[in-house]
Structures are given as structure tokens and as C-alpha cells.
Amino acid sequence: MDYAASFALIAPELVLTIVGLGLLLVCAWGGDKSARAVSILACVALGGAFALVAPVVCSGAAGPDTLAFGGLFAADAFAGFAKLLIFAASGAALVVAPRYFDKVAVMRPEFAVLVLFATVGMCIMVSATNLMTLYMGLELNSLAAYVLAAFLRNDERSGEAGLKYFVLGALASGILLFGMSLIYGFTGTVSFAGIRTALTGELSTGALFGLIFVLSGLAFKISAVPFHMWTPDVYEGAPTPVTAFFASAPKVAAIALTTRITIEAFGTQVDAWRQVLIFAALASIVVGALGAIGQSNIKRLLAYSSINNVGFILIGLAAASVAGVSAMLVYLAIYVAMTVGSFVAVLMLRGEDGSYLESIDDLAGLSRTRPVLAWCLMALMFSLAGVPPLFGFWGKFVVFQAAVEADLIWLAALGIAASVIGAFYYLKIVKVMFFDAPAGTATGKADAAHWALLLVATIFISPLGYGLNGWLGWLADRAAAGLFPAI
Amino acid sequence: MGGFPILSIMLVVPLIGAITCLFLEARAARSLALLATLVNLVLGIVLWRNYDIGGAQWQFTESANLFAGFQYALGIDGIALMLIMLSVFLMPICIGASWEAVKTRVSEYMAAFLLMETLMIGTFAAQDIFLFYIFFEAGLIPMYLIIGIWGGDNRIYASYKFFLYTLLGSVLMLIAMFWMVNVAGTSSIPALMQYDFDPQAQTLLWLAFFASFAVKMPMWPVHTWLPDAHVQAPTAGSVLLAGVLLKLGGYGFIRFSLPMFPEASAQFAWLIFALSMVAVVVTSLIALVQHDMKKLIAYSSVAHMGIVTVGLFSFNIQGLEGAMIVMLSHGLVAGALFLCVGVIYDRLHTREIDRYGGLSINMPAYATLFLLFTMASIGLPGTSGFVGEFLSLAGIYQVSSTVAFVCTTGIILGAGYMLYLYRRVAFGEQKNADAAALPDLSLREYALLTPIAAVVLWMGVYPESFLAPMRADIATLDARLARAAPAGDAMIRFAEPETYASTHNAGSIEPTAAQPAASEAAIKEAL
């Protein structure tokens with residue numbers, strides 16, 4: 001394959017990189033005045049990349065034609081599906097950010113550029129078919145993310161979040177690299193296809209160690225238990241638009257990456273990693289649910305909620321089947337909508353003076369003071385809890401269906417029983433909004449762009465979302481099918 | 001009725017009503033809700049009139065393929081028809097009962113009730129197992145809001161308990177459903193009702209479904225959400241809860257547990273009998289010492305549901321018919337009793353029994369109707385309660401005279417606590433001046449209570465009208481259960497899955513012929 005074809009395959013990443021670099025120059029000369037223009041241009045770039053990726057997903061591309069640079073990078077439908085979700089989530093973060101930063105400090109144009117670079121990193125992550133590409137994408141994304149977490153320079157909590165994220169992220173990268181070196185040592189290759197061939201038959205102890213270390217490093221990135229400790233602190237400390245971004249886009253990317261490496265590289269050793277995933281899934285569901293119960297800050301609560309949701313997604317992956325991966329993709333799509341919707345709703349809780357509120361007590365009686373916001377948030381909460389007929393139920397439905405079909409009945413039964421614990425704290429939010437007397441603090445007006453995003457997310461997770469279902473399932477099925485090498 | 005999608009229309013009418021209500025003011029919302037429920041009542045009567053008794057098992061079927069093997073499939077048999085009738089009959093009464101009692105956030109309240117109606121009809125009419133689950137489970141959201149927003153003092157606790165108990169029950173059922181659909185290759189309820197699952201697997205599946213239905217029913221010892229929810233819910237909420245929601249558990253047993261897992265049902269009949277016997281006796285005794293009227297009636301509901309479960313698991317026609325009639329009758333009678341409590345609660349704002357007394361002097365009409373419903377709850381001949389309890393007990397007697405004996409004690413205790421309640425409220429001295437000054441029933445309250453009284457008497461005097469549509473379906477179910485039915489009187493010999501497994505050929509649709517003949521012979525011998 002020549003370079004021209006390879007460059008054609010990475011066109012979306014090229015667009016984002018070039019626009020990102022160009023905008024960086026604009027920032028350097030334009031200063032803070034250019035912030036809004038930079039944000040808009042970044043959104044346009046994301047839109048362009050979205051348009052470039054969409055045909056790949058619709059055509060269900062897979063196989064050797066999608067490999068660029070001699071098998072370092074795969075632009076197949078699976079990566080495309082994840083990229084579309086990443087672009088949508090990044091775009092949402094860019095849309096909600098300017099108003100927030102204008103109020104809290106000053107909107108700096110670098111925000112949009114950093115989001116773009118993080119997005120490029122995530123694209124490389126989901127397309128990586130080689131341990132080196134994987135690491136490059138992961139670090140590109142992480143470095144941008146560390147800065148984003150600490151973006152509010154004058155806010156102590158933001159700085160703390162950035163530092164914690166950086167230290168623990170670096171540790172995770174170290175673990176991952178150590179695992180990768182073991183894998184390389186025992187297989188003699190860094191390409192996923194090569195590892196797959198080398199790992200047939202009995203798994204050597206060294207390679208097993210490598211596999212566990214790689215999975216542990218990735219578990220940090222997707223904040224699965226027992227590597228979740230950083231999540232609540234970082235989510236609470238980071239500026240809310242950044243939290244919304246962290247909870248959606250990088251999570252999609254890291255999960256897609258985990259899927260690709262487990263299915264493509266370690267696909268012949270399913271039994272070796274399945275038990276790890278089963279433990280991580282159940283532990284995430286339980287710890288995420290229990291941890292959320294005592295929280296009084298909504299962002300912390302949503303952080304635990306995201307840990308909880310990762311558990312459900314991992315159940316789909318543990319099924320290690322086309323149906324399981326497809327279910328996981330559907331769950332991810334719904335999860336992104338729910339997460340973005342919830343964080344936007346949090347951003348819309350503003351005091352009389354326009355300040356941003358984050359405490360659950362501020363939600364009290366919201367159904368009387370701001371009924372539409374309360375109804376939307378209620379729908380999001382019930383959807384996160386997986387109560388039918390909301391769309392969140394469908395995500396859980398397909399994941400558990402895949403698990404049962406893969407004969408993981410006990411995993412499914414335990415996971416779904418633990419989801420009832422999770423329902424408790426979602427109910428608590430509904431209770432505070434609907435049953436308690438109004439606190440009267442959240443009276444400030446919300447932004448039109450926020451309203452638009454919240455309504456789109458709510459309509460997507462409402463029963464109307466089932467209308468998209470056939471289409472979503474079809475795309476996810478084809479994307480997942482392409483991931484499984486013809487055996 | 002040709003291709004007229006009457007069931008879908010019955011689902012859509014209250015749904016549209018609910019959405020419209022949200023945007024209306026209190027007065028308009030009330031009227032619209034009443035209108036929507038009355039339209040559905042009329043549609044329900046049309047449905048009953050057009051139901052062809054002795055015709056196809058599944059009528060008014062509609063089906064459309066949706067995504068991922070999901071089907072939007074509706075259809076009813078006689079059992080579902082009767083329960084749908086109960087729902088559409090009680091809904092206008094619920095709306096009427098909250099006409100004046102609910103003053104805050106009226107439009108949301110009406111929307112929640114209309115949504116409940118859609119979901120309940122959907123649950124009874126669904127023919128796809130996942131569609132059933134969605135309707136079954138979605139009812140949690142409006143009911144949570146109804147209890148939590150418009151309930152009494154301790155409403156938060158009650159709403160949590162209601163939600164989490166029922167959710168835990170049903171999620172296990174969902175896993176069982178996945179397994180069944182995966183094995184049987186269809187999600188259609190009529191097809192699954194014919195499918196023979198491996199008896200060993202049936203045990204676990206049955207337990208998963210049991211976890212859900214036992215909570216909804218509710219059976220002792222998972223009944224504790226019910227008294228809390230009832231006491232805290234507004235009057236109409238209690239009527240809805242007792243009238244229809246409790247029937248979901250019984251409907252689940254008769255639609256899923258019994259026909260889909262006959263062997264496991266027989267295997268676990270002892271469990272059902274034991275829990276039901278405890279429920280009947282213990283909750284009756286608890287009801288005897290209650291000071292709160294609603295709590296008393298709530299506990300009596302648990303006792304009545306005990307009669308329903310023994311009837312269902314007696315594996316014969318009398319028992320099944322009796323269980324259905326008890327369910328219908330209990331829906332009407334318990335609903336009416338909650339309305340009676342609501343009538344005096346609206347006037348004095350207390351449910352404390354001691355705060356009343358001698359109401360028959362100043363509220364004679366109220367006392368008369370209250371007496372009728374008290375008697376119907378006890379099971380006096382001539383009222384609906386008698387028919388159902390008699391049939392259920394006659395059915396269970398064929399299986400076990402011990403169980404029948406214990407459950408009959410419950411009827412005596414039932415007479416005890418209901419008459420004791422009635423004496424304290426309606427008879428005796430007028431010891432409380434404020435209670436003595438209460439005005440009698442208003443026109444609105446008459447309009448709510450008299451239709452129920454009429455139907456209770458109708459069902460008591462001529463139950464055939466209600467039994468006829470269900471007869472063929474119950475006979476089908478009985479035939480399906482015959483091969484697993486436990487035989488004979490007090491010597492309970494429960495079916496063993498191992499013996500069945502040896503004659504079982506996996507995946508066959510026809511029930512084996514040898515088994516029913518054997519157990520029928522055993523029954524004849526025992527009689």
C-alpha cells in the first residue's frame with residue numbers, strides 16, 4: 001500500500017491535526033479575543049471529520065483495505081463508530097464550554113485546541129493495531145487531558161485535579177508500557193495480528209503477566225475498579241465542561257481500544273482475560289453503585305455513575321462475541337448521550353447571580369421552580385438506572401442479552417442484581433427534585449445552547465430513541481463483525 | 001372487529017391524554033383525564049362485547065416487527081380481557097376519587113395516572129415477552145412519583161421501598177427471559193406457553209420469575225412494601241395499587257410460571273402453599289391489631305392474595321377459576337374499601353380508627369355501602385368475594401385438605417378483623433364530636449361507590465358473565481398442567497422433575513400423553 005492510500009485513510013485525523021495546528025497559531029497571535037472564533041472553527045473541523053468518517057461506518061468497512069502504513073493503523077467501521085461518538089462528545093464539550101469559562105474566569109482559545117488534539121489522540125487510540133500506535137495515541141490524548149483538567153489556573157481544585165490525573169495517569173502509562181514490553185518480549189512483535197499468531201496454544205506465564213499489566217493500565221484509563229480511585233477527585237475538580245468531556249469521549253476511546261486489543265491481539269486467549277474482565281465488571285458495578293450513595297456533589301455522583309456504567313459495558317466485552325461487542329457499542333452510544341445530557345443539566349443549574357451550582361441540595365424542589373429541566377434530568381436519571389421504557393434500558397438489555405447468549409448467566413444475574421443498588425442513588429436525585437421542598441437557589445437562567453443540547457440528549461434517551469434503534473443496532477453489528485478476524 | 005387495532009387505541013388514548021395533561025391547568029387536566037378514562041372504559045366495553053367466547057384463544061391480535069427481533073405484538077385471551085376490564089373500570093373511579101382530594105400539581109398527577117393506565121393495559125395485552133417486561137417495569141416510574149409526591153408523611157421511605165423491592169424482583173426475571181428466548185428461539189408469549197423447557201432449567205427459571213411476581217403479588221415475606229406504600233399513597237393511588245397493580249403478580253403466575261414451567265411449578269407448589277398459608281394466617285392476625293384503617297386493609301390484601309396463590313397452584317380448574325375471581329373481586333372490593341377510607345379521611349384527615357365511631361348515625365348511606373364492601377371482603381354469599389374464595393378453596397381441597405383447612409381459618413379471621421373494623425368505625429357511641437358531625441356521602445362519592453357495589457353484587461349473584469370468557473383459557477391451562485399436577489388429598493405428592501425428565505423429549509411441543517393419564521387416575525383414586 002502506498003502512502004497516498006494511507007493518507008486517504010487517515011484523512012479525518014489529518015483534518016483535525018492541521019486545523020488544530022493552525023488554530024494554535026491563531027491563539028498565539030489572536031489572544032483571548034479569538035476564543036469564540038477558535039471554538040467555532042474547531043467545531044467545524046470536528047463536523048468535517050465526522051462527515052469523513054460517517055461513510056466508513058455506513059459501509060461497514062473492514063479487512064486489509066482499511067489498514068494504513070503497513071498495518072499500524074486501521075480505519076475500519078469499528079474505529080469509525082467509536083470516532084463518531086468521540087466527535088459528537090468533543091463537539092458537545094466545545095459547545096458548552098465558552099459560556100462556562102466566560103462566567104468563571106475567561107474563555108481561553110487554547111481550550112478548543114487542546115480538545116482537538118485530545119480528539120486526534122483518541123482517534124489514533126481507537127484505530128491502533130499496533131502497540132506503538134496505541135501508546136502514541138494514548139499519550140497524545142492524555143497529555144492534552146492533563147492540561148484540560150488543570151485549565152482553571154486560579155482554582156485550587158482544578159489544579160489538584162490536573163496533578164492527580166497526571167500522576168496517576170503516568171503511573172497507568174508505566175504499567176501499560178511494562179505490560180507491552182513483556183508482551184513484546186514473549187511474542188517478538190508489537191503488531192496485534194502478530195501477537196495473535198504468537199499467542200496461539202498455551203499461554204506462557206510471562207505473556208500472561210504482560211496481558212494482565214496491559215489490562216490494568218487500560219483499566220486506569222477507563223476507570224474500572226480497582227483502578228478507579230482518581231475518577232471522583234478529577235471529575236469533581238475539573239471544570240464542568242471538561243468533566244463532561246472526560247466522562248464521555250476518552251471513555252469511549254479507551255473502551256474501544258480495550259476491545260480491539262482484547263479481541264484482535266488476545267483473541268485466542270479469551271479465557272485468560274475474560275476472568276479479569278468479569279471481576280472488573282462486577283467490582284465496577286458494585287463499587288460504583290455503593291460509592292455514589294453517600295455523595296453530596298453531583299459531579300462526584302456522576303463520576304461514580306460512570307464507574308458503574310463501565311461495569312456494564314465490560315460485561316458486553318466479557319461475552320467476547322460479535323453480539324457482545326455490538327451491544328457494547330450500542331451501550332456506549334446511549335451512555336454518551338446520557339452523560340453529556342446529565343453534565344449539561346448540571347451546567348444549567350445556576351444561582352441568581354449566574355454562578356454554577358454543584359450540590360445535590362441545590363436540586364431540591366427543582367420540579368416546581370424549573371419543571372422542564374427537572375423532567376429532563378429525571379428522564380436521564382431513570383435512563384441511567386436502566387428503567388424501561390427509557391433508552392438506557394435498551395443499552396442494558398442488549399448487553400445482558402449478549403452475556404446470556406455467551407453462557408455467562410451468573411455474571412448477568414449478579415450484574416443486573418447489583419444494578420438495583422445503583423438505582424437507589426438515581427432515585428435519590430429524582431426524590432430531591434420532585435419530593436422535597438424547593439431550595440430556591442437554582443434560579444438563574446440557562447444558555448440557549450445548553451437547552452438545545454439537553455433537549456437533544458433527552459429526546460435521544462426518551463422512548464423516542466427506540467426509533468433509532470434499528471439503525472443503531474445495524475451499524476453496531478457491522479462495526480463489531482468487522483473486528484472479529486475471520487477464524 | 002376485523003383489522004381495527006382496538007388494543008393499540010386503548011394504549012394510545014390515555015398516553016395522549018397524559019402528554020396533553022402536562023400542558024394543561026388543573027381544572028382542564030381533571031376533565032381531560034376523566035374524559036380519556038371514560039373513552040377507554042367505552043372501548044373496553046366494546047372489546048368485551050366483541051370478544052368471541054369459544055373463538056380463537058388469542059383475539060384482537062396485532063403484530064409488527066420491530067428492531068432486533070423485537071415484536072410489537074398485542075392480543076388478549078379471556079384472562080387478559082377480564083383484567084383489562086378491571087383496569088378500565090377502576091380508572092375513571094380513581095380520577096373521580098382524586099377530584100377534590102388532590103390540590104397540588106394536579107396536571108402532573110393526572111398525567112401519571114393516565115400513563116399508569118396505558119402501562120397496565122399494555123402489560124395485560126402484550127404478546128411479546130420483552131414488550132411485557134417493558135410495560136411491567138415502566139409502571140414503576142409513575143407509581144414512584146405518585147407515592148412520593150402526593151403521598152402522606154412517610155412517603156419517601158415508602159416510595160423507595162416500593163421501587164427497589166419491585167426492581168430487584170423483576171431484573172432477575174429479565175435474565176430468565178433472555179435465557180428462555182435464547183433457548184426457545186422466539187419471544188412470542190403464546191409460543192413460549194407451548195414450549196417445553198428442560199425440567200432442570202425450569203427450576204431456576206421458575207425461581208427467577210417467582211422473585212418478581214412474589215414481590216408484585218405480594219406474598220409473605222416480601223409483602224412489607226405494600227402496607228407502607230398503601231398507607232402513604234393518596235386514596236386513588238391505593239385504589240390503583242390494590243385494584244390493578246397487585247393483579248400483575250397473579251397474572252404473571254398464570255401467564256408465565258404455570259404454563260411455561262409446569263414441572264417446576266409442581267415442584268415448588270409446597271413453597272407457594274407454605275408461604276400462602278403463613279400469609280393468610282399471619283397477615284390476618286396482624287390486620288386484627290391495626291389502628292390505621294388503610295394499613296388494616298393493606299394487610300387484608302396480602303391475606304387475600306394468599307388465597308389467590310393457593311388457588312393458582314392447586315392445578316385444577318376450580319382453583320384457577322377461583323383465583324381469577326378472587327383477583328377481580330379483590331380489585332373491586334379492596335379498591336372500594338380504600339375509597340370508603342378516603343371518604344372519611346377527606347373529611348377528618350385521619351385514618352386512626354379510634355378517631356371515628358358511630359358513623360352509621362350521621363352517615364347512614366356511607367355506612368350501608370361500607371357494610372356491603374366489608375361483607376364482600378369477608379366473602380359473604382351473594383357478593384363476589386364468596387364466589388372466588390369458595391372456588392379457590394374447593395380447588396385446593398382436592399390437593400390438600402390441610403392447606404384448605406389453614407386457608408379457611410384465614411376467612412374466619414378475615415371476618416374477625418373486618419367486622420371489628422366496621423364496629424369501631426360505624427357502630428357504637430359517637431364518642432368524637434367532630435366525627436359525629438361529618439356529612440354523609442356527596443353526589444360525587446355516590447357516583448364512585450355505587451358502580452363498584454353493583455358489579456360486586458353482579459359478580460356475586462351471576463359470576464358466569466365473568467367466568468365465561470376465561471373458561472376456555474383456563475381449560476387449556478389446566479390441560480397443560482395436567483402432566484405435572486400433584487395428585488390426591490392431604491397426601492401431597494409433588495411431581496419430581498427427574499421422573500419427568502426420563503420421558504421428556506426436548507423441544508417437543510406436544511405434551512406427553514402418559515403423564516396426565518397417570519395423575520388423573522391418581523386424583524380419581526384419591527377422591
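We name chains A, B, ... by the order of the sequence lines, and we start the count at 1 in each one. In this text, all values refer to a predicted model and were calculated from it rather than measured experimentally.
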| What distance separates E108(B) CD from R368(A) CZ, expressed to the nearest 0.5 Å? | 9.0 Å
| query | Side chains of I175(B) and F400(A): closer than 4.5 Å at any heavy-atom pair? | reply | yes
| request: Compare all side-chain heavy atoms of I409(A) with those of L204(B) and state whether any distance is below 4.5 angstrom. | output: no
| field | Side chain proximity check, I421(A) to L164(B), heavy atoms < 4.5 angstrom | value | no
| field | Heavy-atom contact with chain A under 4.5 Å, split by part of I134(B) | value | both
| query | At what distance, to the nearest 0.5 angstrom, does CZ of R105(B) lie from OG of S367(A)? | reply | 3.5 Å
| field | Non-hydrogen side-chain atoms of E137(B) and F393(A) separated by less than 4.5 Å | value | no
| query | Taking all atoms of both residues into account, what is the closest heavy-atom pair of V404(A) and N182(B), and its distance? | reply | O-ND2, 3.9 Å
| request: Answer with side chain, backbone, both or neither: which region of L145(B) has an atom nearer than 4.5 Å to a non-hydrogen atom of chain A? | output: both
| request: Kindly say whether the aromatic ring centers of F397(A) and F130(B) come within a distance under 6.0 Å. | output: yes
| task | State, with a plain yes or no, whether a side-chain heavy atom of F135(B) is found less than 4.5 Å away from one of P388(A). | result | no
| Are E405(A) and W179(B) close enough that some pair of their side-chain heavy atoms sits under 4.5 Å apart? | no
| Would a distance-only check, ignoring hydrogens and angles, find a side-chain to backbone donor-acceptor pair under 3.5 Å from Y144(B) to L427(A)? | yes
| note | Interface check, chain A: of L174(B), L167(B), I141(B), most non-hydrogen pairs under 4.5 Å belong to I141(B)
| Got a sec, which pairs hit side-chain hydrogen bond (donor to acceptor under 3.5 Å, both in side chains) with one end in residues 20-30 of chain B, sequence neighbours left out? | none
| field | Minimum heavy-atom distance A423(A)-F163(B), with the two atoms named | value | CB-CE2, 4.4 Å
| field | Heavy-atom pair of closest approach, residues Y160(B) and K428(A) | value | OH-CA, 2.9 Å
| said: Under 4.5 Å from any heavy atom of chain A, what part of S159(B) do you find: side chain, backbone, both or neither? | reply: side chain
| If you count heavy-atom pairs under 4.5 Å with chain B, which of A403(A), A413(A), P371(A), G386(A) comes out on top? | A413(A)
| message | Is the shortest side-chain heavy-atom distance between W375(A) and L22(B) below 4.5 Å? | response | yes
| Region of F382(A) that comes under 4.5 Å of a non-hydrogen atom in chain B | side chain
| query | What part of L472(A) gets closer than 4.5 Å to chain B, counting heavy atoms only: side chain, backbone, both or neither? | reply | neither
| With F210(B), which residues qualify under ring-ring contact (aromatic ring centres under 6.0 Å, His included), at least two apart? | W206(B)
